[in-house]
S.K.: 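This structure is in structure tokens; I'll ask about it shortly.
All ligand and atom numbering here is 1-based and tracks the order in the structure.
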Amino acid sequence: MSEPIGSEISMDQLPIRDELRGRSPYGAPQLDVPFRLNTNENPYPPPPELVADIARAAQVVAETLHRYPDRDAIALRTDLAAYLTASTGVPLTVANLWAANGSNEILQQLLQCFGGPGRVALGFEPSYSMHPIIAAGTRTDWAPTPRRADFSLDTEQAAKVITERQPDVVFVTSPNNPTGQSVPFADLRDLIDAAPGIVVLDEAYAEFSPQPSAVELIAEFPTKLVVTRTMSKAFAFAGGRLGYLAAAPAVVDALQLVRLPYHLAALTQAAARAALSHADATLASVATLAAERDRVVAALAEQGFQVVPSDANFVLFGLFDDAPAAWRAYLAEGVLIRDVGIPHHLRVSIGTPEENDAFLAASAHVIEESTR
Ligand SMILES: Cc1ncc(COP(=O)(O)O)c(C=O)c1O
């Protein structure tokens, strides 16, 4: 087969922005292996009733695909408000909600609006790798601030750094990916108090956490607090690409200045509404996954690993002499987990009991060769 047209040139030869040169794109491997435990999805596929409802909804929408979708996604946002109100007890309306293609797009819109050239976003690392990548893409300066050695957040120190740096945007991820801990609810107030600008509380894994949602604090901090959520994790809808936020209506209004028109496909809106109508059944898996997480944590500790406490559907563990080599050893056993770049650690997503058993069986082999 001949080479694709233009393949003699490389990215270096393109006039890309200087700050993007030498960077790596987000790239969790998508490999065809028996056990895929690397991207924190819900391992349970949609039940037949939901599949049928999505197919029915798609059929109805298909008849109107010559028209653009509802640009404001009113019906979907109304359903999201109802879901979040029911799960948090905080009375939210359509005006408090905004939706996009995954919470990554929500985060991008937030930085397009509140970050940008000459502005600073601050995050507590290690944390979600897309926060700095989206900052770079929007030309927002990134101010990485370390967590404690045990990966917990020293909120007193964090508030001090926020006061010193005066960032335009602060990212707080709770539970934090890839480490798993939640920020204690009382501490959130101190962090938001210290922040001069917007605080993005990334709650991608909130459904797994015993802690109340920061949505409760929006009324207290309407000019500052934005809570982002996703249907990709507990909601078992990663392929549907639906993220959302809750905030004061003025924040939602501000995002209209940067969102692309008709960004959310009619098919996406309809499928997400169908998925939301099955929320109770889908979220029943959260208790199962939390119990499996606790079983995996106990079994790893029993095998001799150090395990970071987790409120989410994944676990960070170690200590490996050489984490990339250990990652390859798991892969050789058909188990795909995640090397998040933290020395001596790897992260595993919680799967079905059978998947977790396969992971633990592989762990028993890997620990013999590769732990310190
Ligand atoms: C902390 C955090 N925020 C946001 C996301 C983005 O999820 P999505 O774009 O699928 O909604 C992820 C995905 O891994 C995440 O871990």
S.K.: With a 4.0 Å cut-off on heavy atoms, does M130 reach ligand 1?
M.R.: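 No, M130 has no heavy atom closer than 4.0 Å to ligand 1.
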S.K.: For atom 7 (O) of ligand 1, which protein heavy atom lies nearest, and how many Å away is it?
M.R.: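 Nearest neighbour among protein heavy atoms for atom 7 (O) of ligand 1, to 0.1 Å: S103 OG, 3.3 Å.
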S.K.: Look at the rings of Y68 and Y262 and say which category their plane angle falls in: under 30° parallel, 30 to 60° tilted, over 60° perpendicular.
M.R.: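 The rings of Y68 and Y262 lie parallel, inter-plane angle below 30°.
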S.K.: When you measure from atom 9 (O) of ligand 1 to every protein heavy atom, which one gives the shortest distance, and what is it?
M.R.: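 Closest protein heavy atom to atom 9 (O) of ligand 1: R241 NH2, 2.9 Å.
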S.K.: Taking only heavy atoms of A204 into account, list the atoms of ligand 1 that are under 4.0 Å away from them.
M.R.: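 Taking each heavy atom of A204 in turn, ligand 1 has 1 (C), 2 (C), 3 (N), 15 (C) under 4.0 Å.
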S.K.: Considering residues, nucleotides and ligands other than Q30, do more than 12 of their heavy atoms fall under 6.0 Å from its CD?
M.R.: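 No, CD of Q30 has 12 or fewer neighbouring heavy atoms, counting only those of other groups under 6.0 Å.
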S.K.: Please determine whether any non-hydrogen atom of G243 lies less than 4.0 Å from an atom of ligand 1.
M.R.: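 No heavy atom of G243 comes that close to ligand 1.
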S.K.: Can you see which heavy atom on T173 is nearest to which on N177, and at what distance?
M.R.: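 Nearest heavy atoms, T173 then N177: CG2-N, 3.8 Å.
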S.K.: Return yes or no for this condition: an N or O of N177 is under 3.5 Å from an N or O of ligand 1.
M.R.: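 Yes: some nitrogen or oxygen of N177 is under 3.5 Å from one in ligand 1.
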S.K.: Which is it for Y205 and N40 under the side-chain hydrogen bond (donor to acceptor under 3.5 Å, both in side chains) test, yes or no, and what are the steps along the way?
M.R.: CA-CA 9 Å; Y205 302 94; N40 301 342; 3.0 Å; yes
S.K.: Judged on heavy-atom distance to atom 15 (C) of ligand 1, which of Y128, Y26, F314 sits nearest?
M.R.: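 Of the listed residues, Y128 has the closest heavy atom.
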S.K.: Looking at ligand 1, would K233 count as a contact under a 4.0 Å heavy-atom criterion?
M.R.: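 Contact present.
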S.K.: Heavy atoms only: which of F235, Y205, F171 is nearest to atom 16 (O) of ligand 1?
M.R.: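 That would be Y205.
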S.K.: Are Q256 and R259 close enough that a side-chain donor and a side-chain acceptor fall under 3.5 Å?
M.R.: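 Checked: Q256/R259 side chains pair up, N/O donor to acceptor below 3.5 Å.
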S.K.: Are D202 and ligand 1 in contact, using a heavy-atom cut-off of under 4.0 Å?
M.R.: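 Per 4.0 Å heavy-atom rule, D202 contacts ligand 1.
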S.K.: Taking both backbone and side-chain atoms of N104, is any N or O found less than 3.5 Å from an N or O belonging to ligand 1?
M.R.: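 Looking only at distances, the answer is yes, because the N/O contact criterion of under 3.5 Å is met.
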S.K.: How far apart are the closest heavy atoms of I350 and E292, and which atoms are they?
M.R.: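 Heavy atoms of I350 and E292 come nearest at CG2-CB, 3.7 Å.
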S.K.: Can you name the atoms of ligand 1, numbered from 1 with element, that are less than 4.0 Å from a heavy atom of T173?
M.R.: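 Matching atoms, with element in brackets: 1 (C).
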S.K.: Pull out every atom of ligand 1 sitting under 4.0 Å from any heavy atom of S232, numbered as shown with elements.
M.R.: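 Counting atoms of ligand 1 from 1, those under 4.0 Å from S232 are 8 (P), 10 (O), 11 (O).
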S.K.: Just by modelled atom types, is the D70 backbone N or O under 3.5 Å from a matching donor or acceptor in the Q269 side chain?
M.R.: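 Yes.
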S.K.: Can you tell me how far CG of N96 sits from CG of L84, rounded to the nearest 0.5 angstrom?
M.R.: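 Reported to 0.5 Å precision, the distance equals 9.0 Å.
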S.K.: Would you indicate whether the side-chain heavy atoms of R241 and N104 approach each other to under 4.5 Å?
M.R.: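 They are in side-chain contact.
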